[in-house]
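Side chains are part of it too, since the values below use all heavy atoms of this structure and drop only hydrogens, waters and symmetry mates. Note that ligands are numbered from 1 as they come in the structure, with each ligand's atoms numbered from 1 the same way.
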Amino acid sequence: MNENLSLLVELQKLDLEIDRDEKERKKILAEADRYIKEIEELEEDLLDKEAQLKQTKTEKRIKEGKIEEIDLLIAKHEEEKYKVKSQDEFAALEKEITLAKDQKEKVENLLLELMEKEEDLTNSIPLLREKTESGNKNREIKGKKLATYLDNFTRTREKSEGERKNLTLNLNPIFLEQFERLKKTRDGLAVISTKNGACGGCHVKLSFSLMGRVGKGQGVVYCENCNRVLYCISDNK
Ligand SMILES: [Zn+2]
């Protein structure tokens, strides 16, 4: 095969590898980001629930205190009922007692809600804590794996860049420029093999004379339709 042509084939192969590795790297980094975000959300949720539990306990104590207060008030009024001198005073006390009892019922209902909330939180927090802890442990393991991967990636990338430089140094600059330009508009495939007498890229049938030139592999030949550089697969073996 013509030297420039084989360099182009090599260069494209290398570039496709670099692109593939880069896509893989982005995917892996995005996955790592997602995982970290997941753990952070778990941690936030845990902190939030712990704060809610603390708050619920405080509110519960306040309501319990309030009930005690109301109970004392009712007991006081009950006692006073025996000391009153008129029917009106008695009725007023009865009214006060009824009001206090109504209020107590309201506070008791609120207390019941708080108790249910406390129970829910007490049940869900340990599981959430466990998930957060195991998530953080995994995060450490994943972090180490990622560091190793990135190390390998950097080494591979440096090696590829070195190889690429060597290839481009030996390649005719005009071909290199054409190659870079075509690569952008042809999905990274600037060089393509022929297939059953047609261009492997755009599938347009090639003329007999063009096929002949490609078959000989003596120069850089372009597809008349898509401008890709053509080579014969048997020539590349
Ligand atoms: Zn073509």
Side-chain angles (χ1 to χ4, degrees), residues 1-41 138-139 141-237:
M1 196 192 277
N2 170 280
E3 202 205 339
N4 279 314
L5 184 58
S6 66
L7 283 170
L8 284 171
V9 171
E10 280 302 304
L11 188 59
Q12 176 164 285
K13 208 176 130 207
L14 194 60
D15 279 357
L16 288 173
E17 270 172 27
I18 291 172
D19 282 356
R20 191 199 57 209
D21 289 352
E22 182 57 26
K23 268 187 198 140
E24 177 78 3
R25 186 183 76 102
K26 279 186 181 148
K27 203 179 122 205
I28 286 172
L29 287 178
E31 268 169 24
D33 277 351
R34 260 201 306 280
Y35 190 75
I36 288 170
K37 215 170 157 211
E38 234 174 73
I39 305 296
E40 280 172 355
E41 275 168 10
N138 272 337
R139 181 181 170 174
I141 297 165
K142 279 174 187 275
K144 277 178 192 157
K145 268 189 193 164
L146 182 64
T148 310
Y149 163 77
L150 287 175
D151 266 2
N152 284 333
F153 175 87
T154 308
R155 267 199 296 278
T156 309
R157 171 57 62 89
E158 277 166 5
K159 197 173 151 248
S160 301
E161 296 288 356
E163 280 173 29
R164 195 180 198 280
K165 203 173 173 192
N166 279 337
L167 286 174
T168 54
L169 280 175
N170 291 315
L171 186 64
N172 181 329
I174 295 168
F175 292 137
L176 179 61
E177 201 197 310
Q178 279 176 341
F179 170 81
E180 298 287 12
R181 209 171 43 233
L182 270 170
K183 214 173 73 171
K184 279 182 202 139
T185 52
R186 298 286 181 266
D187 248 353
L189 293 172
V191 191
I192 201 97
S193 69
T194 56
K195 208 173 172 187
N196 304 324
C199 164
C202 68
H203 309 295
V204 162
K205 204 90 183 148
L206 302 167
S207 71
F208 188 74
S209 71
L210 205 64
M211 269 310 285
R213 280 164 59 209
V214 176
K216 281 181 197 144
Q218 283 166 351
V220 176
V221 182
Y222 302 93
C223 167
E224 283 166 334
N225 181 54
C226 70
N227 286 326
R228 285 185 177 97
V229 175
L230 297 167
Y231 68 95
C232 196
I233 198 88
S234 61
D235 202 23
N236 195 36
K237 273 175 191 167

| request: Only one of R157, E161, E163, R155 passes side chain to side chain contact (heavy atoms under 4.5 Å, CB included) with K159; say which it is. | output: E163

| request: Measure the CG-CG distance between L14 and D19 for me, rounded to the nearest 0.5 Å. | output: 10.0 Å

| request: Identify the residue among E17, E158, E10, E180 that makes a salt bridge (Lys or Arg N to Asp or Glu O under 4.0 Å) with R164. | output: E180

| Within a radius of less than 6.0 Å around CD1 of I174, do more than 12 heavy atoms belonging to other residues, nucleotides or ligands occur? | no

| task | Evaluate the side-chain proximity of K145 to Y149: yes if any heavy-atom separation is below 4.5 Å, no if none is. | result | no

| said: Suppose the cut-off is 2.8 Å; which protein N/O/S atoms would you list for the Zn ion (ligand 1)? | reply: C199 SG, C202 SG, C223 SG, C226 SG

| request: With the side chain counted from C-beta on, respond yes when E3 and L7 share a heavy-atom pair under 4.5 Å apart, and no when they do not. | output: yes

